[in-house]
Amino acid sequence: EPEVTQTPSHQVTQMGQEVILRCVPISNHLYFYWYRQILGQKVEFLVSFYNNEISEKSEIFDDQFSVERPDGSNFTLKIRSTKLEDSAMYFCASSIDRVRELFFGEGSRLTVL
Amino acid sequence: RKEVEQDPGPFNVPEGATVAFNCTYSNSASQSFFWYRQDCRKEPKLLMSVYSSGNEDGRFTAQLNRASQYISLLIRDSKLSDSATYLCAAHSGNTPLVFGKGTRLSVIA
C-alpha cells in the first residue's frame, strides 16, 4: 500500500539553527501539506502546496518557514531559525484531490533546545 | 472561533460496549468530513470518510447531520485495540482540512 514517508523521525537542534524536514508524498497525489502537533494539542495546519506553489498557509507559517519541491518526489519544510516553541511533531500529508482525505506520514519530531 | 469542536473525553468504556462521539463544525460551507484515529505520538490515520447518507464499516458507523452541523461516530462491540484518540476533521474547497482536538477513548477489560 502506498504511503507517505518522512525523514528524519526525530531531530534535536539548538535554537537559532536551520532545520529541513523531508517528505515523500504518495506518488499519484497532487496536493501536499504540512501540519504540526505540539505535544498534547491539536493537529494544526501549516501550509498546502499544489502545482509547485503554496496554495494556502496559516498564520503559523511565517517568514521563518518555507516549503519546496526540489525534485519530482521530495517535499520539504524548512525552518530557518528555530525557536523553542517550534518543538512539535511535524506531519506531512498528501491527497489526490483538494477535498479528499489526507494521508499522513509518521511524522518528524523536532526538539529545539 | 473554534471550527471543529469535540468533547475531549476521556471516554472509559468496558470491552463490548457501544460508544458514540459527536463533533460539531462551524463552517456551513464544509463539504468533506472525516474521522481519523490517532494513537499516542503517532500520525492520524484515516478511519472513515463521512458521507451525507452515512456510512458503515464493520463496527464503525459515521453519520452527518448538515442541518445541525455535526458528525458522529459510533463504535459497536468495543475492543481493547480501539483505545485511541479519535479526530474529527472537516474542510470545504476553500479551506484546508481542519481537525478537532480529538476525543480520547479507553476501552477497559
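Predicted, not measured: the structure shown is a model, and the values here were computed from it. Letters A, B, ... mirror the listed sequences (proteins, then strands); counts begin at 1.
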- Side chain from CB out, backbone as N, CA, C, O: work out which of these in B:Tyr36 comes under 4.5 Å of a heavy atom of chain A, or both, or neither. side chain

- Note on the structure: If one checks every heavy atom of B:Leu46 against chain A at 4.5 Å, the contacting part turns out to be side chain

- Is the shortest distance from a Lys or Arg side-chain nitrogen in B:Lys101 or A:Glu44 to a carboxylate oxygen in the other one below 4.0 Å? no

- Salt bridge flag under 4.0 Å for residues A:Lys57 and A:Asp62: no

- Item | Contacts of residues 100-113 of chain A with chain B (heavy atom under 4.5 Å) | A:Arg100, A:Glu101, A:Leu102, A:Phe103, A:Phe104, A:Gly105, A:Glu106, A:Arg109

- Query: So which bits of residues 7-35 of chain A come within less than 4.5 Å of chain B, counting non-hydrogen atoms only?
  - Reply: A:Tyr35

- Query: Checking A:Arg69 side chain against A:Phe49 main chain: does a donor-acceptor pair fall under 3.5 Å?
  - Reply: no

- Task: Spell out, as yes or no, whether a donor-acceptor pair under 3.5 Å connects the side chain of B:Ser68 to the backbone of B:Asn65.
- Result: no

- Task: Measure up the B:Phe34 and B:His91 rings against each other and bin them: parallel (under 30°), tilted (30 to 60°), perpendicular (over 60°).
- Result: tilted

- Note on the structure: Output for pair (A:Arg36 CZ, A:Phe61 CZ), nearest 0.5 Å, gives 12.0 Å

- Message: Let me confirm one number: the CD-NZ distance from A:Glu68 to A:Lys78, rounded to the nearest 0.5 Å.
- Response: 6.5 Å

- Message: Does A:Asp71 have more than 12 heavy atoms from other residues, nucleotides or ligands lying within 6.0 Å of its CG?
- Response: yes

- Message: Would you say that B:Gln31 contacts A:Val99 through its side chain, given a criterion of any heavy-atom pair below 4.5 Å between the two side chains?
- Response: yes

- Query: By a 4.5 Å heavy-atom criterion (distance strictly below it), what part of A:Gln41 contacts chain B: side chain, backbone, both, or neither?
  - Reply: neither

- Item | Closest non-hydrogen atom pair, B:Gly102 against B:Thr85 | CA-CG2, 3.7 Å

- Task: Please report the C-alpha distance between B:Glu43 and A:Gln6 in whole Å, then the side-chain angles of each, then the deciding distance to 0.1 Å, and finally whether the side chain to side chain donor-acceptor pair (under 3.5 Å) criterion is met.
- Result: CA-CA 11 Å; B:Glu43 77 276 20; A:Gln6 290 186 241; over 6 Å; no

